[in-house]
Trainee: 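One structure follows; several queries about it will come next.
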Amino acid sequence: MAEEALRSRAMPFVMIEIHRPLTLKEGQRLQLAARTGSSIGLCILPEGMGSNSAETRWRVIPVFDRQREDSTLMRWEIIKNKTGTLGAWNVQWDPKTRHLHVVSSPGK
């Protein structure tokens with residue numbers, strides 16, 4: 001179903017939750033479908049269950065900040081990137097604007 005959604009051009013973004021390792025062929029089929037449909041596919045999978053066919057791999061972890069009362073501060077790290085650089089960003093969800101904002105790391 002995810003493959004058809006990615007290929008259809010009806011959805012620019014498809015989120016998939018994976019509960020078992022993808023075979024190389026399954027991962028490549030999802031990539032090809034996303035390219036064909038000009039869409040982005042985001043696979044959410046458990047820690048340590050990567051896919052060799054992934055273009056990028058991200059890790060998202062919560063960040064505890066004693067000066068902030070909310071729990072929406074997160075650290076997004078790109079840990080695999082076939083076509084670019086690696087990096088990390090602290091981001092925070094703003095419920096009023098319904099956007100993620102990059103938040104500066106605390107000064108040292």
Side-chain angles (χ1 to χ4, degrees):
M1 186 188 302
E3 188 178 331
E4 291 85 9
L6 287 165
R7 186 177 286 112
S8 73
R9 295 187 185 264
M11 296 180 209
F13 179 80
V14 176
M15 187 179 298
I16 309 157
E17 187 173 7
I18 306 291
H19 297 285
R20 63 169 179 78
L22 292 176
T23 66
L24 185 58
K25 183 177 180 179
E26 290 170 325
Q28 289 171 335
R29 287 181 62 94
L30 287 171
Q31 277 188 348
L32 183 58
R35 284 190 190 115
T36 300
S38 298
S39 56
I40 295 173
L42 175 66
C43 295
I44 298 177
L45 42 106
E47 180 77 30
M49 191 177 75
S51 171
N52 290 335
S53 62
E55 291 286 328
T56 62
R57 186 172 296 133
W58 293 76
R59 178 183 298 127
V60 179
I61 56 174
V63 175
F64 178 70
D65 185 348
R66 294 175 194 234
Q67 296 179 347
R68 297 176 191 262
E69 292 183 18
D70 67 12
S71 61
T72 63
L73 188 61
M74 298 169 279
R75 182 161 182 87
W76 289 18
E77 298 177 68
I78 186 165
I79 57 176
K80 174 186 176 181
N81 188 349
K82 288 183 178 178
T83 59
T85 59
L86 306 178
W89 300 264
N90 287 344
V91 298
Q92 184 172 27
W93 175 252
D94 185 338
K96 292 177 185 171
T97 62
R98 301 181 87 177
H99 288 91
L100 285 171
H101 297 281
V102 176
V103 179
S104 297
S105 297
K108 296 185 182 195

Trainee: Search all heavy atoms of L86 against all heavy atoms of K80 and return the closest pair with its distance.
Mentor: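 Where L86 meets K80 most closely, the heavy atoms are CD2-N, 3.7 Å.
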
Trainee: According to a hydrophobic-cluster definition based on side-chain heavy atoms being under 4.5 Å apart (Ile, Leu, Val, Met, Phe, Trp, Tyr only), do I18 and M11 belong together?
Mentor: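 Same hydrophobic cluster.
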
Trainee: If you count every heavy atom of other residues, nucleotides or ligands that lies below 6.0 Å from K82 atom NZ, does the total exceed 12?
Mentor: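 Yes, because the 6.0 Å sphere around NZ of K82 holds more than 12 heavy atoms from other groups.
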
Trainee: Do T83 and N81 make a side-chain contact, defined as non-hydrogen atoms from C-beta onward lying under 4.5 Å apart?
Mentor: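 Yes, at least one pair of side-chain atoms sits under 4.5 Å.
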
Trainee: Under the rule for side chain to side chain contact (heavy atoms under 4.5 Å, CB included), what residues qualify as partners of E26, not counting sequence neighbours?
Mentor: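 Here the qualifying residues are R20, L22, T23.
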
Trainee: Give me the ring orientation class for W58 and W76: parallel if the planes are under 30° apart, tilted from 30 to 60°, perpendicular past 60°.
Mentor: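 The rings of W58 and W76 stand perpendicular, inter-plane angle above 60°.
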
Trainee: Are the side chain of T36 and the backbone of R7 linked by a donor-acceptor contact shorter than 3.5 Å?
Mentor: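 Pair absent, no side-chain N/O of T36 close to backbone of R7.
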
Trainee: So do the side chains of V63 and Q92 get within less than 4.5 Å of each other, counting heavy atoms only?
Mentor: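 Heavy-atom side-chain distance check fails, nothing below 4.5 Å.
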
Trainee: Find out if a path of hydrophobic residues (ILVMFWY) with successive side-chain heavy-atom gaps under 4.5 Å connects V60 to V102.
Mentor: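 Yes.
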
Trainee: Could you please spell out the steps behind the side-chain contact (heavy atoms from CB on, under 4.5 Å) verdict for E3 and L30?
Mentor: CA-CA 6 Å; E3 188 178 331; L30 287 171; 4.2 Å; yes

Trainee: Tell me whether I44 shares a hydrophobic cluster with F13, the cluster being built from Ile, Leu, Val, Met, Phe, Trp, Tyr side chains joined at under 4.5 Å.
Mentor: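 Yes, same cluster.
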
Trainee: Hydrophobic clusters here meaning ILVMFWY residues chained together by side-chain heavy-atom distances under 4.5 Å, can you tell me if V91 and W93 are in one?
Mentor: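 As far as the 4.5 Å side-chain criterion goes, W93 and V91 are connected within one cluster.
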
Trainee: Which distance, rounded to the nearest 0.5 Å, do you find between the CG of D94 and the NE2 of H99?
Mentor: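 Reported value, rounded in 0.5 Å steps: 9.0 Å.
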
Trainee: State plainly whether one hydrophobic cluster holds both I40 and M15, where clusters connect Ile, Leu, Val, Met, Phe, Trp and Tyr through side-chain heavy atoms under 4.5 angstrom apart.
Mentor: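 Linked, I40 and M15 end up in one cluster.
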
Trainee: With rounding to the nearest 0.5 angstrom, report the CD to CG distance, E17 to L45.
Mentor: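 The distance works out to 9.5 Å.
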
Trainee: When you look at CZ of R29, are more than 12 heavy atoms from neighbouring residues, nucleotides or ligands closer to it than 6.0 Å?
Mentor: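 Open.
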
Trainee: Distance check, rounded to the nearest 0.5 Å: N90 atom CG versus E77 atom CD?
Mentor: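 So the gap between those two atoms works out to 9.0 Å.
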
Trainee: Taking all atoms of both residues into account, what is the closest heavy-atom pair of G41 and L6, and its distance?
Mentor: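 The pair with the smallest heavy-atom distance is CA-CD2, 3.7 Å.
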
